[in-house]
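Taking it in order: structure first as structure tokens, then the write-up.
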Number of protein chains: 2
Amino acid sequence: MKPETRKEEIIKTAAKLFKEKGYSAVTMRDLAKAMGIKAASLYNHINSKQDILKSIIISIAEEFTNGMNEIKSSNLSSINKLKQVVKLHVNITSQNTYGMASLNNDWMHLEDKLDYYLELRSNYEDQFRSILIEGINNKEIVDSNVEVMLFSILSTLRSLYLWIPKKEALNIDELSKNLSQVLINGINK
Amino acid sequence: MKPETRKEEIIKTAAKLFKEKGYSAVTMRDLAKAMGIKAASLYNHINSKQDILKSIIISIAEEFTNGMNEIKSSNLSSINKLKQVVKLHVNITSQNTYGMASLNNDWMHLEDKLDYYLELRSNYEDQFRSILIEGINNKEIVDSNVEVMLFSILSTLRSLYLWIPKKEALNIDELSKNLSQVLINGINK
DNA sequence: TTTTTAAACTAACACTTGTTAGTTAACTTG
DNA sequence: CAAGTTAACTAACAAGTGTTAGTTTAAAAA
């Protein structure tokens, strides 16, 4: 479809390297080599190493924010909202496994965008929590420790980037369904 | 109790810094400053930066291996074995939240100990999986996708280091119980 | 054809990195 | 007290860091 710009290529390659070794361990010379050019040439397309990280993380974080807002403002049942959240994570992650690694592990190197990122993340968690509480109040969800439920589900969803790439011939819809099943109904018979 | 050696102090401080910024972003001068000494002085106690990382990660990985071996060789029901695994993670993590961060995020910088670590991890996952399969075979556990169950539970347990520190006045036993409840029985009413 | 643009290059910079060598001062042990 | 040990220090180095300046080349636009 749309022919990728050189800048987008660089950011994508960077995300791949960041996933393998982490932001700090990847040098501009590593990135240049992966692109088949010299380090200085990168600066014809990007402003700084920092900027690359920002591009990667902030765009994904905003995707999550937008997705969550949509789900929150729907009039689905609480359980179905949760299923939509699972789908949101599976979709974003399967389209950007490299970027999700940076989001999870390298957000602390964001510098001037750090506060913005932390705010997005905090808001996201608040909205997630409120879905659970709503579900408890209308008897859809069992009334046990909300924080444990929240972080249990969220941890799994945030780790998706680690094992989605391993599943070849992955069916996104099936994965979402399986995950919802396990996260919502547990594994007990 | 036992008065910590200088070396142990350094490793502990390093683990703390590694959790905050990641192994690669922490310099020996950062570590020295946190210890209140000069960088060169660190080398009276440790061999290299690499060595510190090894100490942190390998010791924890072996703790997990030993714990899992014990659980596997017990004659508990499958569900009770899982509950013991949850306890194992909560115990180790609550005693070493900093080290768990390195284990999760910086294992790829292990160099010569990398293969050994990967073997331990792979064996651990195999044993975890076999508990689930055993449980399915004897009708304790619902017969759905084993990999999804495995990674869903494991992701949560591996992320414990991120939020155990936030819970002040944390009751370890209660957390284990709550977690087992959510992971095994789900949240559906 | 001339001009502009995109994208690479070489060379260099100022700074930071992990680490070593050699020294010094204060305790502990014989 | 003498000898050894522990744990700090200063000074330095060789390699690697992100980044800038200025230049070249080939394709696209005028």
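Chain letters run A, B, ... following the sequence lines, proteins first, then strands; residues in each count from 1.
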Looking only at the side chains, is there a donor atom on one of A/Gln181 and B/Asn145 sitting less than 3.5 Å from an acceptor on the other?
no
Would you tell me if any nitrogen or oxygen in the side chain of A/Ser41 comes within less than 4.0 Å of OP1 or OP2 on C/dA7?
no
Closest nucleotide among C/dA8, C/dG18, C/dC9 to the B/Tyr43 side chain:
C/dG18
Return the value, rounded to whole Å, for the distance between atom CG of B/Leu42 and atom P of C/dT20.
12 Å
Taking CD from B/Glu9 and P from D/dT6, how many angstroms apart are they, rounded to a whole number?
16 Å
Answer yes or no: is there a side-chain heavy-atom contact under 4.5 Å between B/Glu70 and B/Gln84?
no
Polar side chain donor-acceptor pair, A/Asp173 to A/Ser176, under 3.5 angstrom:
no
Do A/Glu111 and A/Lys54 meet the salt-bridge criterion of a basic N to acidic O distance under 4.0 Å?
no
Using a strict heavy-atom distance below 4.0 Å, which residues from residues 11-34 of chain B are in contact with DNA chain D?
B/Arg29
Listing request: all side-chain hydrogen bond (donor to acceptor under 3.5 Å, both in side chains) pairs with a residue in residues 56-67 of chain A, at least two apart in sequence or in separate chains.
A/Glu62-A/Tyr116
Not counting sequence neighbours, which residues clear side chain to side chain donor-acceptor pair (under 3.5 Å) with B/Ser74? List them please.
none
Any residue of residues 106-117 of chain A with a heavy atom less than 4.0 Å from an atom of DNA chain D:
none
Specify the angle, to 10°, made by the local axes at the two ends of the helix from C/dT1-D/dA30 to C/dT28-D/dA3 when five pairs are taken at each end.
10°
Mind listing the closest non-hydrogen atom pair of A/Gly186 and B/Val142 along with its distance?
O-CG1, 4.3 Å
Checking side-chain polar atoms at under 3.5 Å, does B/Ser41 have a donor or acceptor matched by the opposite partner on B/Asn44?
no
Within 45° cone of A/Tyr23 ring axis and under 6.0 Å: A/Lys49 NZ or CZ:
yes
Filtered N/O pairs between nucleotides 25-27 of chain C and protein, under 3.5 Å:
none

Only pairs at least two apart or in different chains count here, so list each ring pair (Phe, Tyr, Trp, His ring centres under 6.0 Å) that has a residue in residues 51-96 of chain B.
B/Phe64-B/His89, B/Phe64-B/Tyr124, B/His89-B/Tyr124
Enumerate the side-chain hydrogen bond (donor to acceptor under 3.5 Å, both in side chains) contacts for residues 94-106 of chain B, please, sequence neighbours excluded, ordered by first and then second residue.
B/Asn105-B/Tyr161
According to ring pair (Phe, Tyr, Trp, His ring centres under 6.0 Å), does anything in residues 42-63 of chain B pair up with another residue at least two apart or in another chain? List the pairs.
none
For B/Thr156, side chain to side chain donor-acceptor pair (under 3.5 Å) partners two or more places apart:
A/Thr156
Figure out the NE2/C1' separation between A/His45 and C/dA8, and round it to whole Å.
8 Å
Between protein and nucleotides 23-29 of chain D, what N or O pairs are separated by less than 3.5 Å?
none

Residues touching DNA chain D, which here means a heavy atom under 4.0 Å, drawn from residues 46-54 of chain A:
A/Ser48, A/Lys49
Given the rule in the side chain to side chain contact (heavy atoms under 4.5 Å, CB included) test, do A/Thr13 and A/Phe18 qualify, once you have shown the distances and angles that lead to the verdict?
CA-CA 9 Å; A/Thr13 305; A/Phe18 291 168; over 6 Å; no
Is there a donor in the side chain of B/Ser130 and an acceptor in the side chain of B/Lys72, or the other way round, less than 3.5 Å apart?
yes
Got a sec: does the CD of B/Glu147 have more than 12 other heavy atoms crowding it under 6.0 Å?
yes
Take atom CD1 of A/Ile10 and atom C1' of C/dA6, then tell me their distance rounded to the nearest Å.
12 Å
Is the shortest side-chain N to carboxylate O distance from A/Lys33 to A/Asp30 below 4.0 Å?
no
Are the charged groups of A/Arg6 and A/Glu9 less than 4.0 angstrom apart, N to O?
yes
